[in-house]
Amino acid sequence: MTGRPPDREEGLPRVALLERRGRFLTAVPFFSRGRPITVAPGPGSAGRQRSRATPRPGDLVQLEHSPRGRKGSRGRGGVRILRGLGRPDVARDVLEALMVDRGLRREFDPAVAREARGARDNPPGSGARRDLRDLTTFTIDPTSARDFDDAISAERRSAGEIRVWVHIADVCAFVPEGSLTDREAHRRATSVYVPGAVEPMLPESLSNDACSLVPGHDRLAVTVEMDFQGAQVLRSAFYRSRIRSDARLDYDQVDAIFAGAAEADEPWATALGAAREVSAALGRHRRAAGALEVTSSEPEFRFDDDGHVAEVSVTAQTESHELIEHLMIAANEQVAGLLEDRGRGALFRVHERPDPARVERLLDQLASLEIPTPAAPERLAPSQATELVGEISRRVSEHVRRTGQGSRALTSLVLRSLKQAYYSPQNLGHAGLRSSRYCHFTSPIRRYPDIVCHRALLAAVAGEPEPRADRLEELGSWASAREREAMVIERDADDVARCFALQRELHGRGWREPFAGEVVGLVSAGAFVSFGVGYEGLLPVRRMRGDWWELNEQGTILHGAHTGGTVRLGDRVQVAVDRVQAHLGRVDLVPAEG
């Protein structure tokens, strides 16, 4: 069983815009080109979790072949409306339609949901489980988070040691291997997060309830206990536990505390300070070891009650993000080390060394932009390429901090020089983290490989059944493919939400008002420009009058053949919006007048 979503039926779009043409209802493909399809009203959506009123012309609809259209019919006959999806001018409805178009189910089979509710309402017995409810515990997550699969405890010990507990939701206690819920989680493999919505890997009764480490409630966890001396782990232990979180903190709140702009409350203030000290030591150690240093940011969207994008902002990586990241990495490394030492079958997170040729091209690209780079040997071995790309990432980060330009464009160049990480039963190390043994263990609510590692760990330390070793190779490939598909959906959904936010802003300020932008990508057809609050569009060379533009070999500079002008990655430019196709996530730009 691969668990792949059902294929799009040949010639039939999943999502269309409903129109009336004379006596007939027709459906026009919404996300792709295609001819109108004559449709019959469907059986309605009675009983469906996301049912809507009877669709009307102008609505978005989900299509399916009617029973008589599946066999024996010709052409596009026998197509009916499965359900209405809302309006094409409402961002939340278009995002829902996008998820449907990409094959996401948007609900669980009733039998799966019923089984999950049964597991929630009849939790497993305590068994061999340590009671840590008196231990000060807290979570740190985005403000908008709804599921909390990791929590932290920390306290100072004697001789300068700090003990850290990383508590992870014990999903396996509620999802036995081979159960209906487990098979559906395997099929989905990952949660998919789009602005204002999520396609969860687990039913909500587990993901947002029984397995979510919400404050003030007893929860079942798997705990990784680590004693730190600086960045060194002196001792680690692994066991099932029962915890109770004292506080639900968010990144903004913790950053304000770290900046001295807010007060931390007891009982968690002291624990937060100890965790911060360990995180700082781990950060220094990883930088010294040559781990990649890349700057990143994520868009955040706020919707109004009518489903329109009311606000968009950009969240950058901060110290509070790094605290959680460093402690989760440490826990993942400890679990991976134990699994390998004991020969347990699991899925490791593999990030292979970069190809020397791609690192050499990266050096050439940065040199074309006159960005300082480290010296490279004439013949670059794979081990040297790994060390070199880590140093390059630090030089790029320093350049961005010093100049205030090129964050997205230059980071993208660095990332494209690397191989893509994937899941495998073979431990080949994680080059980006400079970690010899690494797995994903800390997010079992939203990633299936983490559930596999939980089962392997509990088999090693508690004598529980091991994951089936004969499935691991196929499972690693499947989970890697589903992860890549989810990333594409999430990226495209962000683009759609940005476009709706941009349209709203343009109606207030005027379509031809200029924006200050920065070139974040180049192709022979033009320049991709980031502008405003995280918007992005294409400035075509055909709209850049007065010259003939050619892209250099490195893909970093457009040269004007006649004037000698240049458009370089990281350049600041003034642009205006020419056209927005919100449902496609596309923005066409023109040079700002004057």
Side-chain angles (χ1 to χ4, degrees), residues 130-141 148-169 213 215 219 221-251 253-260 262-289 291 317-338 341 433-439 441-443 457 461:
R130 295 194 192 181
D131 190 343
L132 302 180
R133 286 175 290 181
D134 291 335
L135 185 65
T136 299
T137 301
F138 56 90
T139 60
I140 307 177
D141 290 279
F148 311 102
D149 45 17
D150 59 83
I152 299 296
S153 303
E155 66 179 26
R156 300 182 188 279
R157 315 284 286 184
S158 59
E161 294 178 15
I162 295 177
R163 179 167 294 175
V164 173
W165 294 261
V166 174
H167 313 287
I168 307 300
L213 307 183
R219 287 293 184 259
V222 179
T223 294
V224 180
E225 181 181 309
M226 297 169 284
D227 287 349
F228 286 93
Q229 183 85 56
Q232 182 182 3
V233 179
L234 303 176
R235 182 195 67 89
S236 60
F238 315 85
Y239 48 83
R240 274 185 153 147
S241 61
R242 188 182 301 274
I243 69 167
R244 183 188 297 128
S245 175
D246 295 283
R248 179 258 197 269
L249 309 179
D250 61 63
Y251 291 128
Q253 179 184 4
V254 173
D255 282 326
I257 292 169
F258 289 167
E263 292 291 330
D265 297 326
E266 294 297 352
W268 50 265
T270 301
L272 178 62
R276 184 187 190 188
E277 185 175 326
V278 171
S279 171
L282 290 171
R284 290 191 296 269
H285 173 75
R286 292 194 176 110
R287 284 190 289 273
Q317 189 89 351
T318 63
E319 185 182 358
S320 63
H321 295 80
E322 292 174 354
L323 184 150
I324 293 300
E325 180 180 306
H326 289 151
L327 296 182
M328 295 304 119
I329 290 173
N332 287 333
E333 288 177 327
Q334 293 302 307
V335 171
L338 181 136
D341 289 343
L433 295 173
R434 297 306 299 273
S435 179
S436 61
R437 304 192 288 190
Y438 194 69
C439 69
F441 168 81
T442 53
S443 294
L457 176 67
V461 301

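These numbers were taken from a predicted model, which means no experiment stands behind them.
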Do [X] and [Y] have side-chain heavy atoms sitting under 4.5 Å apart?
X    : Y    : value
L132 : H167 : yes
V224 : I168 : no
T139 : L249 : no
E333 : R437 : no
F441 : N332 : yes

### S320-D255 side chain donor-acceptor pair, cut-off 3.5 Å
yes
For the [atom1] atom of [X] and the [atom2] atom of [Y], what is their distance to the nearest 0.5 Å?
X    : Y    : atom1 : atom2 : result
W165 : R130 : CH2   : CZ    : 10.5 Å
Q253 : L272 : CD    : CG    : 9.5 Å
Y239 : T223 : OH    : OG1   : 5.0 Å
D250 : I140 : CG    : CD1   : 9.5 Å

### Query
Where do F148 and D141 come nearest, in terms of heavy atoms and distance?
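So the two residues come closest at CD2-OD2, 3.2 Å.
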### Query
So, R434 side chain and A289 main chain: donor-acceptor pair closer than 3.5 Å or not?
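Side chain of R434 to backbone of A289, a donor-acceptor pair under 3.5 Å: yes, one is there.
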#### Entry: R163 backbone acceptor or donor facing D227 side chain under 3.5 Å
no
### Message
Salt bridge or not between R242 and D131? Use side-chain N to carboxylate O under 4.0 Å.
### Response
no
### Message
Does the Lys NZ or Arg CZ of R276 fall within the cation-pi geometry relative to F258 - under 6.0 Å from the ring centre and within 45° of the axis?
### Response
yes
#### Entry: Aromatic ring pairing H321/Y251, orientation class (parallel under 30°, perpendicular over 60°, tilted between)
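Parallel: the ring planes of H321 and Y251 meet at under 30°.
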### Query
Around atom CD of E266, are there more than 12 heavy atoms of other residues, nucleotides or ligands at under 6.0 Å?
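Yes - once you tally the heavy atoms of other residues, nucleotides and ligands closer than 6.0 Å, there are more than 12.
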### Task
Step through the shown structure and confirm whether more than 12 heavy atoms of other residues, nucleotides or ligands are within 6.0 Å of CG on D341.
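Check passes, neighbour count above 12.
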### Query
For R235, which of E225, Q334, Q229, E161 qualifies under side-chain hydrogen bond (donor to acceptor under 3.5 Å, both in side chains)?
E225
### Message
With side-chain contact (heavy atoms from CB on, under 4.5 Å) as the test, pick out the partner of L213 among D149, I243, T137.
### Response
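Of D149, I243, T137, side-chain contact (heavy atoms from CB on, under 4.5 Å) with L213 is met by I243 alone.
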